[in-house]
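The residues of the chain are indexed from 1 along the displayed sequence. When reading the values below, keep in mind they use all heavy atoms of this one structure, side chains included, and skip hydrogens, waters and symmetry mates.
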Amino acid sequence: MNKELITAFIDNEIRDDSLKEEIRHLIDTDKEYWFEYQVQLLVKRIAKEKYKKSSAPGHLKIRILNQIAPDQKIYEPHKETSIWAGLFSKPAFSFATAILIVVSIVLILFNRTPQQPPEISEEQLTPDNMFYQAENNFKAIVQGKLSPQLLTGDPEKIKSFFESSGVKYSALVPTFAEWSLIGAVVSEDKEEKFAHHVYAGKKGEIVYVFQVDESYLKSREIISLNDNLLQYLEQGNCFVKTEKDKVLLFKKINHNICVVVSNAPVQEVQNNFCNI
């Protein structure tokens, strides 16, 4: 199969459902296609988040055009007092100056180093750490030691359950095509209540979501998170860590910090939560 179809798949340009399923199956089962898919996702995300287009001011466009083609002057701007006013005042240097500015901007944009995800070591994971708690809660769910207090596939009932149980922040409970919502749990620590909910996949995958308002993590009185990870999330990034039997994903959604732990395919978890 032509790998260019992966680009069309990511851009949602394929209308043939059978072809979509064939591509998705290849990504799930073929390491080469999976790698190509991850690379394209990463490139698109960086381009979208880091290199947003911005238009030059109108007066600057006019000045550059007038200096490049002085015989076909489009508009003679009024005298300005800004820092740009004298920039192109000397004809001998105007064109070279314009080129230098354009080249400088391009170099600045394309030589930015994207922020790297933080490294999280086991030594950093204290019992009050959200990362630590999420891993242990997921393990307890898989082993049958932690069961939902409310069994329902209705997201509105889960939100009402959180509110009536004393959760003070608004919790997000999305629905997904790949997974079915099965229930929720409210935990308590130092008289504060926290929201957790769970999905199940068609092949037995478990998707566990734990979310707290960011104010709890900043105060550090009850629950904490690594400073470098919290800063990374505050900047709009999606943190993903894969292990042999699970994937952990952190994402800031509105005012909540959400952690997802799952044994579902990593690309499914990324696609569903990093794009919220």
Side-chain angles (χ1 to χ4, degrees), residues 1-56 61 102 105-117 153 155 172-182 197-209 211 232-243 246-254 256-276:
M1 178 180 291
N2 192 334
K3 290 184 182 177
E4 291 181 1
L5 286 174
I6 293 180
T7 303
F9 178 75
I10 292 173
D11 293 337
N12 201 27
E13 295 175 350
I14 297 176
R15 297 291 177 264
D16 187 329
D17 290 339
S18 62
L19 181 56
K20 282 184 182 180
E21 288 300 320
E22 185 179 351
I23 296 171
R24 188 177 290 110
H25 176 72
L26 277 172
I27 293 171
D28 288 343
T29 59
D30 189 301
K31 289 184 178 179
E32 187 175 347
Y33 280 92
W34 179 86
F35 180 78
E36 180 72 20
Y37 176 78
Q38 295 300 321
V39 168
Q40 291 199 33
L41 274 183
L42 178 62
V43 170
K44 287 180 181 293
R45 187 166 70 249
I46 290 173
K48 181 179 179 181
E49 295 178 357
K50 302 297 183 185
Y51 308 127
K52 296 179 180 178
K53 287 186 177 180
S54 60
S55 178
K61 293 179 181 178
V102 172
I105 291 172
V106 170
L107 288 174
I108 290 171
L109 287 176
F110 287 94
N111 283 282
R112 286 179 181 174
T113 302
Q115 187 181 8
Q116 297 300 313
L172 179 76
V173 186
T175 56
F176 304 102
E178 298 93 337
W179 313 316
S180 299
L181 187 62
I182 60 172
H197 64 278
V198 183
Y199 302 87
K202 298 175 182 177
K203 298 179 181 179
E205 312 97 307
I206 296 295
V207 182
Y208 160 69
V209 182
Q211 56 189 308
Y232 185 74
L233 300 175
E234 291 280 0
Q235 294 174 348
N237 298 301
C238 192
F239 174 85
V240 180
K241 181 181 180 182
T242 56
E243 299 180 1
K246 63 180 178 292
V247 55
L248 291 96
L249 180 149
F250 277 83
K251 170 78 173 177
K252 181 180 178 183
I253 305 174
N254 299 328
N256 291 354
I257 300 297
C258 298
V259 55
V260 181
V261 190
S262 178
N263 52 11
V266 60
Q267 61 268 25
E268 280 188 13
V269 177
Q270 283 183 278
N271 290 347
N272 284 323
F273 285 97
C274 287
N275 296 320
I276 291 179

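Counting heavy-atom neighbours within 6.0 Å of D28 CG, excluding the residue itself, gives a total above 12.
In this structure, the separation between OG on S262 and OH on Y208 is 12.5 Å, given to the nearest 0.5 Å. Atom-to-atom distance recorded for F239:CZ and L233:CG is 8.5 Å, nearest 0.5 angstrom. Distance check: I23 CD1 to Y33 OH gives 9.5 Å after rounding to the nearest 0.5 Å.
With a 4.5 Å cut-off on side-chain heavy atoms, F176 and V207 do not count as touching. Between Y199 and P174 the shortest side-chain heavy-atom distance falls below 4.5 Å. Inter-residue side-chain proximity for V259 and F273 is flagged as unmet; no heavy-atom pair is nearer than 4.5 Å. Using a 4.5 Å heavy-atom cutoff, the side chains of L249 and C274 are in contact.
In terms of heavy-atom proximity, A200 sits nearest to I182 at CB-CG2, 3.9 Å. Residues K251 and G236 approach most closely at NZ-O, 3.9 Å, considering heavy atoms. Heavy-atom minimum distance, N272 versus I276: O-CG1, 3.2 Å. Scanning both residues, I14 and K20, for their nearest heavy atoms gives O-CE, 2.7 Å. Listed here is the closest heavy atom pair of I206 and V198: CG2-CG1, 4.0 Å. Across all non-hydrogen atoms, the minimal contact from L172 to Q211 is O-NE2, 2.7 Å.
Under the salt bridge (Lys or Arg N to Asp or Glu O under 4.0 Å) criterion, D16 pairs with no residue at all, not counting sequence neighbours. Applying the salt bridge (Lys or Arg N to Asp or Glu O under 4.0 Å) rule to E234 yields the partners K218, K252; only residues at least two apart in sequence or on another chain are considered. Under the salt bridge (Lys or Arg N to Asp or Glu O under 4.0 Å) criterion, E21 pairs with R24, not counting sequence neighbours.
E178 places no side-chain N or O within 3.5 Å of a backbone atom of E268 that could act as its donor or acceptor partner.
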